[in-house]
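Reading through the structure tokens given below for one structure.
Order of the sequence lines sets the chain letters (A, B, ...), proteins ahead of strands, with each chain counted from 1.
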2 protein chains.
Amino acid sequence: MQPTNSNPVPSLAEARAQFIHLWGVSGSSWGVSKTLAQVHALLLVSPAALSTEDIMEQLTISRGNASMTVRELLDWGLVYKELRPGERREYFVAEKDMLQVTRCIIRARKRRELDQMKRSLDQLAALPGDPADAEYRVFHATLTEIQQLATVSDKLLTRLMQAEKSWFWNTFLKLFM
Amino acid sequence: MQPTNSNPVPSLAEARAQFIHLWGVSGSSWGVSKTLAQVHALLLVSPAALSTEDIMEQLTISRGNASMTVRELLDWGLVYKELRPGERREYFVAEKDMLQVTRCIIRARKRRELDQMKRSLDQLAALPGDPADAEYRVFHATLTEIQQLATVSDKLLTRLMQAEKSWFWNTFLKLFM
DNA sequence: CACAAGTTTCAATAATTATTGAAACTTGTG
DNA sequence: CACAAGTTTCAATAATTATTGAAACTTGTG
């Protein structure tokens, strides 16, 4: 990578670096750590599998950080281990099918943001009260609406996760847009 | 609020406090500040409009924090000003229609998370390259897929934002679930 | 215009979250 | 079992983000 070249057409290496940076920024606006997003981006644009060592080097992050981040990506299902016979070192490849990637991300975010909330809401909504009391009425109405909404969102997301490629691109897209 | 009562049925005040707490926690897992979510929750369950003073007091936050948070909620469109003739002080009410609330939230998050990203992607995807090069092929394929996905998400979200109450609850929900 | 009653701004600080890096651990091999 | 080649953990630290609170500002009224 020679950033000294101020050519109007950036080199592939520059473009890749920009993509990794972009994905990192987007990641933060999303609630995942910048590093997680960057490691993911790096693996997405790497044709070959990379080792922890490669990742550390290319993103200049510490070994600990690389190790934990890769583990989290494996956890999300966004990255696979690739073991090479006779080698001790582990290599990692990203899931390249973006529909699959989307499913993983929806699944993880739904679990983190929605499912947890639904549980708490159910408890609160069960609270009995005096319907003559304005405070109670507003509280109860708000809670009920939020619950309904959470239920619909849940169903929508679940449906999207199950979506087949064909359904997603054809039925869904063409019928509804 | 007397938290000394260990009655199995919590009082309304306790339930409201729990709700505000819950919304605050959910808010953080979402990427908005805890305070923002809590002020929103407080206003959602308050039948009457509240002043900055009321909010500061009920959530024990500073004046500056309350002021900035309320301004941000106005910005999102989640809260309205209520001016009372002859009074200097400003009061605030939350938008109570949760479908409307959802629209506001989708709009804000889409702007923050998606639109920004699309702009950067378009730039990167325009990059020409050598199709014989594996690095380039993988890079280009990934970018194209992400762009398609971003476009579909954009359309889906836009559609959801325009959704009428009836469409949302009937057509959409019943046809697709 | 001076004052009262409020609101907003923003530098300093507190709280939270991410990262490092060295030590502990794991695992395959002679 | 000792060692080499790796991986993981986690306390300390750095970086980031949210909050405070006092000073500056705004606005309506006598």
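Distances shown here put a side-chain N or O of T35(A) below 4.0 Å from the OP1 or OP2 atom of dT19(C). Between S33(B) and dT17(D) there is no side-chain polar atom (N or O) within less than 4.0 angstrom of OP1 or OP2.
Here the side chain of S26(B) pairs a donor or acceptor atom with the backbone of L22(B) at under 3.5 angstrom.
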Writing each nucleotide of DNA chain D 5' to 3' as (, ), [, ], | or . by Watson-Crick or G-U pairing under 3.5 Å yields ||||||||||||||||||||||||||||||

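At whole-Å resolution of the value, CG in L59(A) and C1' in dT20(C) are 15 Å apart. The CH2-P distance, from W30(A) to dT16(D), rounds to 22 Å in whole Å. Counting to the nearest Å, the C1' atom of dT7(D) and the CE atom of M56(A) are 12 Å from each other. The distance from atom CD of E57(B) to atom C1' of dT20(D) is 18 Å, rounded to the nearest whole Å. Straight-line distance from the CG atom of L36(B) to the P atom of dT17(D): 16 Å, rounded to whole Å. Between the CD atom of E53(B) and the C1' atom of dG6(C) there is a distance of 9 Å, given to the nearest Å.
Here the shortest heavy-atom pairing between V79(A) and L74(A) reads O-CD2, 3.1 Å.
In this structure, I20(B) and L59(B) have side chains that are in contact, with non-hydrogen atoms separated by less than 4.5 Å.
The 12-atom threshold is exceeded at NZ of K96(B), counting heavy atoms of other residues, nucleotides or ligands nearer than 6.0 Å.
Taking the charged nitrogens against the carboxylate oxygens, E14(A) and R16(A) have no contact shorter than 4.0 Å, which rules out a salt bridge. Classification of R84(A) and E82(A) as a salt-bridged pair holds, one side-chain N sitting under 4.0 Å from a carboxylate O.
Using modelled atom types and a 3.5 Å distance limit, the side chains of N65(B) and S62(B) yield no donor-acceptor pair. Donor-acceptor pairing under 3.5 Å is recorded for the side chains of D54(A) and S51(A).
Evaluation of the side chain to side chain donor-acceptor pair (under 3.5 Å) rule for Y91(A) yields E87(A) as partners, not counting sequence neighbours.
Using a 4.0 Å cut-off on heavy atoms, the residues of residues 61-95 of chain A that approach DNA chain D are R63(A), G64(A), S67(A), M68(A), R71(A), R88(A), R89(A), E90(A), listed by number.
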